[in-house]
Amino acid sequence: MLNDAVAPEIVPAAGSDKDAPLKEDIRLLGRLLGDVLREQEGDAVFNVVETIRQTSVRFRREADAGAALELDAMLKELSREQTISVVRAFSYFSHLANIAEDQHHIRRRRAHLLAGSPAQKGSVSFALRKLRLAGVPRKTVDTFFQDALIAPVLTAHPTEVQRKSILDAEHDIARLLAERDLPQTPKERHANMQLLRSRVATLWQTRMLRYSKLTVADEIENALSYYRITFLRELPGLYDDIEDDIAAEYPNGDGTIEPINAAYVQMGSWIGGDRDGNPNVNAGTMQHALARHATTILDFYLDEAHALGAELSVSTLMVGVSAELQALADQSPDASPHRSDEPYRRALIGIYARLAATARALGATNILRKEVGAAAAYPDAAAFVADLRTIVASLESHHGAALVRPRLATLARAADIFGFHLASLDMRQTSDVHERVLADLFAKSGVAADYTALSEEDKQALLLNELAQPRLLYSPYIAYAAETDSELAILRAARDIRQRYGARAIRNYIISHTETVSDLLEVLLLQKETGLLRTDWQTGDSICELMVIPLFETIPDLQRAAGIMSQVMALPLVKQLIAKQGQLQEVMLGYSDSNKDGGFLTSNWELYKAELALVADFQKAGVKLRLFHGRGGTVGRGGGPSYEAILAQPPGTVNGQIRLTEQGEIIASKFSNAEIGRRNLELLVAATLEASLAPQEANPARNGQLAQFEAVMAQLSDLAYHAYRHLVYETPGFTEYFFSATPIAEIAELNLGSRPASRKANQRIEDLRAIPWGFSWGQCRLLLPGWFGFGSAIEAWINQADGAAKDDKIATLRAMYAEWPFFATLLSNMDMVLAKTDLAIASRYAELVADQGLRERIYKRITDEHGNTLRCLELITGNTERLAGNPLLARSIQNRFAYLDPLNHLQVELIKRNRALSAESRIDERVHRGIQLSINGVAAGLRNTG
């Protein structure tokens with residue numbers, strides 16, 4: 001694994017010069033890790049690592065039962081110290097291989113651009129060219145960018161296994177690896193190698209795991225690191241690139257283009273505001289989150305303003321300035337005679353002083369550079385932007401246009417995008433909590449003795465009546481339940497945050513487990529109780545500061561989503577509030593819980609149907625729909641390539657408005673490298689642009705074919721639903737099998753996030769959070785949520801005695817795959833999951849089930865369904881190899897197995913030891929640590945396990 005002699009086992013196969021640099025990078029990093037391992041742990045440990053790898057490869061490639069026995073014996077003989085070293089070695093190689101692959105993706109994209117090749121699919125320039133050739137006019141494109149909102153929302157969930165210290169070290173390694181592609185003198189090459197070696201040694205000597213539970217404050221800091229690495233510079237830079245792309249594809253008569261001032265890509269966050277199932281989030285965490293957001297963005301502004309002051313040494317002895325710029329300079333606290341003829345510098349010194357005052361007012365405690373003199377804080381970000389625009393306008397009108405780009409233009413753009421709040425913090429809580437809080441308020445105000453016992457109709461009537469009353473239910477002189485006080489305090493904090501940091505700081509309130517109209521009305525009433533919903537009682541005019549967003553999660557919830565929204569939007573008060581929101585309403589769809597509830601196929605189909613029904617009902621109501629996609633990292637949780645996922649959305653569901661969650665280690669995978677982060681942001685914009693504006697085919701025959709496809713999909717979904725539910729929820733002993741044959745219990749003990757793995761302290765799958773459910777199946781390499789039920793559904797449908805010929809049915813399935821983006825994307829994602837699924841490894845985890853009869857019975861059902869699924873997928877696509885259409889990804893996955901497999905074998909052995917000790921009420925911290933390290937390594941190797 002770790003030296004040149006064995007490198008061919010773990011690098012891409014020869015045969016393509018394009019992959020030669022990747023092969024060399026992996027060899028280099030593997031060799032450096034091997035050197036560090038020898039130096040730190042000795043030759044004996046290095047040899048053990050290599051022997052385990054070779055035996056693991058034999059187990060996989062030859063299905064050698066003897067190799068399995070050898071592995072068992074070898075792993076059992078490892079001392080606790082050796083076990084930790086071996087697990088760390090394989091885990092770190094997973095991390096280093098990821099770095100090499102990411103660098104290779106950047107390398108290939110640059111080669112493509114340098115060669116002057118046509119715009120790549122997934123780029124904004126490609127989407128614009130496609131639209132122009134389809135006859136979409138420039139005005140339509142401009143309108144799109146003025147009105148669009150594309151928002152990646154970073155969330156903290158218990159699958160993010162990387163410490164920030166590890167991420168920082170890996171970022172350094174990536175930078176040094178990239179430098180090796182540049183011309184270097186022998187001395188520079190040697191220095192680069194020494195630095196790489198030192199960074200790999202730093203990794204080895206850095207603790208990979210957290211020994212204390214991650215706090216919400218820790219999660220906030222981890223997320224902010226991606227802003228510094230990627231978002232603060234790459235997002236404004238992407239805006240500039242898009243303006244250039246529009247100018248190139250849709251040139252004006254004079255070849256110029258007016259800048260797009262709208263902030264069409266904005267960042268969102270749940271970290272510090274998501275209370276659903278997380279008792280550690282409260283008013284204080286929300287206030288802390290915004291203080292840290294503001295400090296981060298204002299630190300950036302201060303640094304850039306300081307740098308601009310050094311750069312803009314323009315003298316009025318050489319060139320004039322605008323009257324507005326001169327006035328701005330005259331307001332500066334800088335009175336130095338040395339800068340009397342340098343108004344830009346003086347203006348920027350004044351801007352810096354105002355930013356410093358603003359930072360202190362918004363919670364910053366450590367401003368590194370002291371300002372020249374006192375100045376008033378900015379009242380809002382718009383005033384800061386106005387000052388920057390004054391500088392831009394003066395330069396452009398006095399022969400200084402070349403001085404605007406990149407730094408000044410980038411700073412002005414960043415101020416438009418990030419304001420003083422950096423990212424919009426969403427609030428989320430489950431509907432059950434809202435009901436309990438209002439029941440407490442109603443009972444203690446004498447309005448309703450038992451609100452929870454009322455029918456839905458009576459709840460709605462009561463809520464609407466209270467919303468129409470000028471008085472409040474709450475009294476400061478009455479004692480309420482602790483939960484009531486906490487929830488009201490959180491809403492009051494939201495009101496204060498909006499006043500302090502701006503309206504974009506918090507603007508959405510998401511209701512988990514939305515099941516009824518009253519669930520939405522309850523949040524409106526709670527906003528009224530805390531001053532967020534206000535009514536002019538003379539005119540009856542109401543305004544609501546937080547958009548109330550339902551989250552439909554389970555299969556039944558998705559099925560009634562459109563009906564609930566139709567009823568809500570018909571209410572006069574809600575109609576008025578939606579009008580104040582720009583005739584726009586957001587709805588969130590949950591991928592994770594619907595999958596855990598109904599399986600992969602049914603979840604995807606019910607999401608598709610819900611979107612179509614919502615579009616139809618919103619069009620009837622004259623309201624613009626914005627969908628918020630609660631996607632996870634795994635395919636089973638709505639993951640997979642975002643570009644294809646957006647393009648596969650049903651017609652009419654995008655329309656320039658989309659929000660989507662980025663979760664777990666997917667955040668690190670997408671945004672821990674600036675260039676890769678920029679590419680991922682561009683993919684979101686390109687897909688949204690294309691999905692919103694590309695003309696739809698108006699072919700009646702094709703529309704009829706689509707109706708046929710959807711009818712077939714409905715039947716397949718029903719069959720898959722019953723197959724999945726029968727296994728997971730109706731098979732006796734399945735829960736015991738799951739908790740034994742996966743590391744779910746060990747995952748729950750990890751210090752991964754601030755949120756508990758289960759909503760309740762029990763072993764019911766119904767109460768287990770969807771994230772650790774999917775994460776556990778990924779660790780044991782079955783990835784069951786991403787495919788189970790598909791094979792049974794296809795096989796049963798083809799063999800149904802309904803009078804249709806089997807060959808005709810197969811032809812229909814193949815047509816669905818070839819002509820329906822929804823079905824093609826669904827199968828493509830499942831194909832990727834199956835490429836990562838490994839029954840040989842999963843069989844080792846099945847051995848952890850003590851009851852042999854139970855183990856054999858359930859494992860056989862899983863493997864039978866796996867075989868059915870592979871056969872049916874091959875029947876439809878015609879591909880007998882996984883990822884035939886994406887050989888680069890296929891090669892990457894296959895090459896990872898060489899160092900993933902040993903981690904899985906080690907994890908099984910460690911789980912055996914841990915559970916044996918637990919049975920005797922004993923604890924071995926080293927065994928715990930080894931399990932947790934192996935979980936880290938497998939997650940890093942699979943990359944989209946969260």
Side-chain angles (χ1 to χ4, degrees), residues 283 379-380 382-383 424 427 429 434-435 437-448 451 454 456-478 480 484-485 487-511 516-550 564-586 618 620-624 626:
D380 51 40
S424 292
M427 302 173 68
Q429 182 58 284
H434 304 142
E435 184 180 59
V437 169
L438 279 169
D440 191 24
L441 288 171
F442 280 133
K444 288 172 180 172
S445 63
V447 173
Y451 171 72
L454 297 179
E456 171 62 15
E457 185 178 71
D458 288 343
K459 283 182 179 177
Q460 290 183 34
L462 176 59
L463 292 165
L464 288 169
N465 181 65
E466 283 302 318
L467 284 163
Q469 301 295 327
R471 58 151 175 79
L472 298 178
L473 294 167
Y474 176 82
S475 168
Y477 307 108
I478 295 175
Y480 297 96
T484 301
D485 287 335
E487 290 297 308
L488 293 176
I490 286 165
L491 283 160
R492 294 187 191 107
R495 181 192 61 206
D496 295 341
I497 285 168
R498 284 173 57 85
Q499 291 172 352
R500 190 176 189 192
Y501 298 95
R504 283 198 289 160
I506 297 180
R507 52 185 172 179
N508 302 308
Y509 194 113
I510 297 158
I511 309 168
T516 61
V517 171
S518 64
D519 289 337
L520 284 86
L521 296 178
E522 286 169 355
V523 176
L524 287 176
L525 184 53
L526 289 171
Q527 288 201 59
K528 173 178 174 270
E529 288 292 312
T530 50
L532 288 162
L533 189 157
R534 298 179 298 279
T535 301
D536 183 325
W537 298 107
Q538 291 183 328
T539 66
D541 190 34
S542 296
I543 185 168
C544 187
E545 294 194 27
L546 304 181
M547 184 186 289
V548 178
I549 300 169
I564 289 173
M565 293 311 299
S566 291
Q567 293 178 60
V568 168
M569 291 188 297
L571 297 171
L573 171 63
V574 176
K575 276 186 177 181
Q576 184 187 120
L577 296 177
I578 288 175
K580 291 287 179 63
Q581 294 165 184
Q583 210 57 24
L584 178 144
Q585 174 63 42
E586 185 171 301
F618 270 63
K620 287 178 188 175
V623 177
K624 190 170 186 177
R626 178 167 65 222

### Query
Rounded to the nearest 0.5 Å, how far apart are OG of S475 and OH of Y480?
5.0 Å
### Pairs involving residues 491-500, ordered by first then second residue, that meet side chain to side chain donor-acceptor pair (under 3.5 Å) (sequence neighbours left out)
R498-E545
### Query
Is there side-chain contact between L520 and L524, with heavy atoms separated by less than 4.5 Å?
no
### Summary
Interatomic distance, OG1@T484 vs OH@Y474, rounded to 0.5 Å, equals 10.0 Å
#### Entry: Non-hydrogen side-chain atoms of L533 and C544 separated by less than 4.5 Å
yes
### Test side chain to side chain donor-acceptor pair (under 3.5 Å) applied to D458 - qualifying residues, sequence neighbours left out
S455
### Query
Can you list the residues that meet the side-chain contact (heavy atoms from CB on, under 4.5 Å) rule with K459, with sequence neighbours excluded?
E435, Y451, L454, E456, S518
### Query
Donor-acceptor pair, Q585 side chain versus V548 backbone, under 3.5 Å?
yes
### Summary
Here the gap from L441 atom CG to L472 atom CG, rounded to the nearest 0.5 Å, amounts to 10.0 Å
### Task
Return the set of residues passing salt bridge (charged side-chain N to carboxylate O under 4.0 Å, His left out) with E466 (not counting sequence neighbours), or none when no residue passes.
R471
### Summary
Distance col, row T535:OG1 vs Q469:CD, nearest 0.5 angstrom, shows 11.0 Å
#### Entry: Partner set under side-chain contact (heavy atoms from CB on, under 4.5 Å) for L573, not counting sequence neighbours
L467, S542, L577
## Note on the structure
Scanning both residues in full, the closest heavy-atom pair of A283 with I490 reads N-CG1, 3.4 Å
### Query
Can you tell me how far CD1 of I549 sits from CD1 of I511, rounded to the nearest 0.5 angstrom?
9.0 Å
### Message
List the residues meeting side-chain contact (heavy atoms from CB on, under 4.5 Å) with A448, not counting sequence neighbours, and say none if there are none.
### Response
F442, L462
### Minimum heavy-atom distance between P550 and M565, given as atom pair plus value
CG-SD, 3.5 Å
### Pairing residues for P470 by the side-chain contact (heavy atoms from CB on, under 4.5 Å) criterion, not counting sequence neighbours
W537
### Summary
Correct closest heavy-atom pair for V568 and V574 would be O-CB, 3.3 Å
### Message
As an exercise, state the distance from CG of L546 to CD1 of I506, rounded to the nearest 0.5 Å.
### Response
7.0 Å
### Query
Can you name the closest pair of heavy atoms from Q583 and G622 and give their distance?
CG-O, 3.2 Å
### Task
Return the set of residues passing side chain to side chain donor-acceptor pair (under 3.5 Å) with K444 (not counting sequence neighbours), or none when no residue passes.
D440
### Query
With a 4.5 Å limit on heavy-atom distance, are the side chains of L525 and L473 in contact?
yes
### Heavy-atom side-chain contact between T516 and Q460 under 4.5 Å
no
### Query
Hey, is the main chain of E522 close enough, under 3.5 Å, to the side chain of D519 for a donor-acceptor pair?
no
### Message
Please check this pair: side chain of E586 against backbone of M547, looking for a donor-acceptor N/O pair closer than 3.5 Å.
### Response
no
### Task
Report the residues that fulfil side chain to side chain donor-acceptor pair (under 3.5 Å) with E487, sequence neighbours left out, ordered by chain and then residue number.
R275, Q429
### Task
Scan residues 568-583 for pairs that pass salt bridge (Lys or Arg N to Asp or Glu O under 4.0 Å), counting only residues two or more places apart or in two chains.
D541-K580
### Task
Taking ring pair (Phe, Tyr, Trp, His ring centres under 6.0 Å) as the test, write out the residues that go with Y509, two or more places apart.
H434
